[in-house]
Amino acid sequence: MSIDVRREPCSRHHDNIGQDGIHLPVAGLTPMTTLDYPGHLACVVFLQGCPLRCGYCHNPQMLPARRGKREEWEKILGFLESRRGLLDGVVFSGGEPTQHADLAPAMRDAKALGFKVGLHTAGVYPRRLETLLPWLDWVGLDVKGHADNFERIAGRRGIWKRHAQSLALLLDSGIDLECRTTIHWRDFDLKAIERLALSLADCGVRHYALQLARTDQCLIPAYAQPIADAPLPEAMARLVRRLAPRFDRLTLRE
């Protein structure tokens, strides 16, 4: 992830873009990626602040919330104008981007410049997510775990039902959706992964990604330590093959 977002201010080719004093706390920018919006060449705008405390979090510096300054989004707009015709989309990530009230007008700006708009979210603010639906083309929904395990892994009580509301909202919306689960062997075993995957398939999820947690930097230091009884890669691969028929696309990201 690159965090250099220094660009010339937006040149105002579109009269209504950026005129509303949008305040977003920009924590970083990935100028180009093929991984964060499947099938598209996109940039990723990372926003500061997250209410969750996942032990494996590898961006703990993004957790504290702050109010953004107007010029932060202005710099991103300048970057986006310089990439029109070169990038397909803009993905808003975090942190938890949906906690910011100015996210919808920022998405509107991106759409006005001709970009598709993607979102990475854990779905913990379903009412705010609903207001974003008109601007969204794709969502990557982080599914931390099944029911009570979701709250244990995420480090916050009372959010599983809100996440479930967001999942139902997205499934009903028809927006292109990928559910994804980060696997750390302190939180999961193979049976827990299978139970979660099957429950998502039963809900109607068609695209699912399992991604192995990075351990080079973790919020909780114990998560950076080796797990002696972690399943072998071959066992994980067998599970993915067994689950694959339940989805249109099942991906293992290592």
Side-chain angles (χ1 to χ4, degrees), residues 1-50 58-122 128-129 131-142 175-178 180 207 209 211 214 217 253:
M1 179 187 67
S2 168
I3 59 173
D4 182 4
V5 295
R6 292 174 292 180
R7 298 289 188 274
E8 293 300 317
C10 176
S11 58
R12 299 288 186 243
H13 292 315
H14 299 262
D15 292 341
N16 294 325
I17 296 177
Q19 297 288 342
D20 297 333
I22 294 172
H23 293 78
L24 284 179
V26 177
L29 171 71
T30 297
M32 185 172 63
T33 174
T34 59
L35 300 176
D36 292 277
Y37 187 161
H40 294 77
L41 192 63
C43 68
V44 183
V45 179
F46 294 89
L47 301 182
Q48 182 77 30
C50 182
H58 64 272
N59 287 319
Q61 71 277 6
M62 289 189 190
L63 297 180
R66 66 173 177 84
R67 177 170 170 76
K69 298 178 181 179
R70 180 172 178 171
E71 54 264 31
E72 294 179 75
W73 180 241
E74 291 287 326
K75 290 176 181 178
I76 295 296
L77 278 177
F79 168 80
L80 293 179
E81 287 209 339
S82 73
R83 295 302 190 272
R84 295 176 69 204
L86 302 175
L87 295 176
D88 303 318
V90 181
V91 178
F92 292 89
S93 188
E96 174 49 59
T98 61
Q99 72 177 16
H100 301 292
D102 282 359
L103 183 56
M107 288 181 170
R108 177 205 62 197
D109 281 358
K111 293 287 280 191
L113 288 172
F115 294 100
K116 292 187 175 183
V117 173
L119 174 70
H120 294 167
T121 179
R128 184 158 289 169
L129 178 61
T131 69
L132 302 175
L133 295 181
W135 312 109
L136 286 169
D137 298 288
W138 174 84
V139 174
L141 181 66
D142 292 326
I175 293 170
D176 193 10
L177 171 67
E178 177 186 87
R180 59 258 304 267
H207 299 160
Q211 44 201 29
R214 295 165 51 184
Q217 175 178 264
R253 298 176 182 146

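Position 1 is the first residue of the sequence; numbering continues from there.
Looking at residues two or more places apart in sequence or on another chain, you find a salt bridge (Lys or Arg N to Asp or Glu O under 4.0 Å) between D137 and K111. Taking the ring pair (Phe, Tyr, Trp, His ring centres under 6.0 Å) definition, one finds that H100 meets it with nothing, sequence neighbours left out. By the side-chain hydrogen bond (donor to acceptor under 3.5 Å, both in side chains) test, Q48 pairs with no residue at all, sequence neighbours left out. Partners of E71 according to the side-chain hydrogen bond (donor to acceptor under 3.5 Å, both in side chains) rule, which considers only residues two or more places apart in sequence or in another chain, do not exist here. Applying the ring pair (Phe, Tyr, Trp, His ring centres under 6.0 Å) test to H207 and every residue at least two apart in sequence or in another chain returns nothing. Listed by chain and number, the residues in a side-chain hydrogen bond (donor to acceptor under 3.5 Å, both in side chains) with T33 are D36 (sequence neighbours excluded). Every residue was checked against the ring pair (Phe, Tyr, Trp, His ring centres under 6.0 Å) condition with W135, not counting sequence neighbours, and none meets it. Judged as a ring pair (Phe, Tyr, Trp, His ring centres under 6.0 Å), and not counting sequence neighbours, the contacts of F92 are W73. Applying the salt bridge (Lys or Arg N to Asp or Glu O under 4.0 Å) rule to R214 yields the partners D216; only residues at least two apart in sequence or on another chain are considered. Every residue meeting the side-chain hydrogen bond (donor to acceptor under 3.5 Å, both in side chains) condition with E178, not counting sequence neighbours, appears here in chain and number order: R180, R253. For C43, the side chain to side chain contact (heavy atoms under 4.5 Å, CB included) test picks out L29, F79, L80, L87, V90, with sequence neighbours left out.
Side-chain contact check for L119 versus M107: some heavy-atom pair is nearer than 4.5 Å. Side-chain atoms of V91 and V45, non-hydrogen and from C-beta on, never get closer than 4.5 Å to each other. In this structure, I76 and V26 have side chains that are in contact, with non-hydrogen atoms separated by less than 4.5 Å.
Atom CG of residue L77 and atom CG of residue D109 lie 5.0 Å apart, to the nearest 0.5 angstrom. The distance from the NE2 atom of H40 to the CH2 atom of W138 is 10.5 Å, given to the nearest 0.5 Å.
Nearest heavy-atom pair, P97 versus L47, reported as atom, atom and distance to 0.1 Å: CB-CD1, 3.8 Å. Closest approach of L86 and S82 over heavy atoms only: CD1-O, 4.0 Å. Of all heavy-atom pairs between L24 and A106, the closest is CD1-CB, 3.4 Å. Summarising the geometry of R128 relative to A101, their closest heavy-atom pair is NH1-N, 3.6 Å, with the distance given to 0.1 Å. Among all heavy-atom pairs drawn from A65 and Q99, the shortest one is CB-NE2, 4.1 Å.
The backbone N or O of H23 lies less than 3.5 Å from a partner atom in the side chain of D102, making a donor-acceptor pair. A donor-acceptor contact shorter than 3.5 Å links the side chain of D88 to the backbone of L41. Between the side chain of E96 and the backbone N or O of A122, at least one donor-acceptor pair lies under 3.5 Å.
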Practice task
Might you work through the side-chain contact (heavy atoms from CB on, under 4.5 Å) test for L133 and I175, ending with a clear yes or no?
Solution key: CA-CA 8 Å; L133 295 181; I175 293 170; 3.6 Å; yes
Which is it for L132 and T98 under the side-chain contact (heavy atoms from CB on, under 4.5 Å) test, yes or no, and what are the steps along the way? CA-CA 9 Å; L132 302 175; T98 61; 3.9 Å; yes
(Q) Between L136 and L129, is the side-chain contact (heavy atoms from CB on, under 4.5 Å) condition met? List the steps. (A) CA-CA 10 Å; L136 286 169; L129 178 61; 4.3 Å; yes
task: Might you work through the side-chain contact (heavy atoms from CB on, under 4.5 Å) test for L103 and I22, ending with a clear yes or no?
output: CA-CA 8 Å; L103 183 56; I22 294 172; over 6 Å; no
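Salt-bridge annotation for R66 and E72: present, with a side-chain N of the basic residue lying under 4.0 Å from a carboxylate O of the acidic one.
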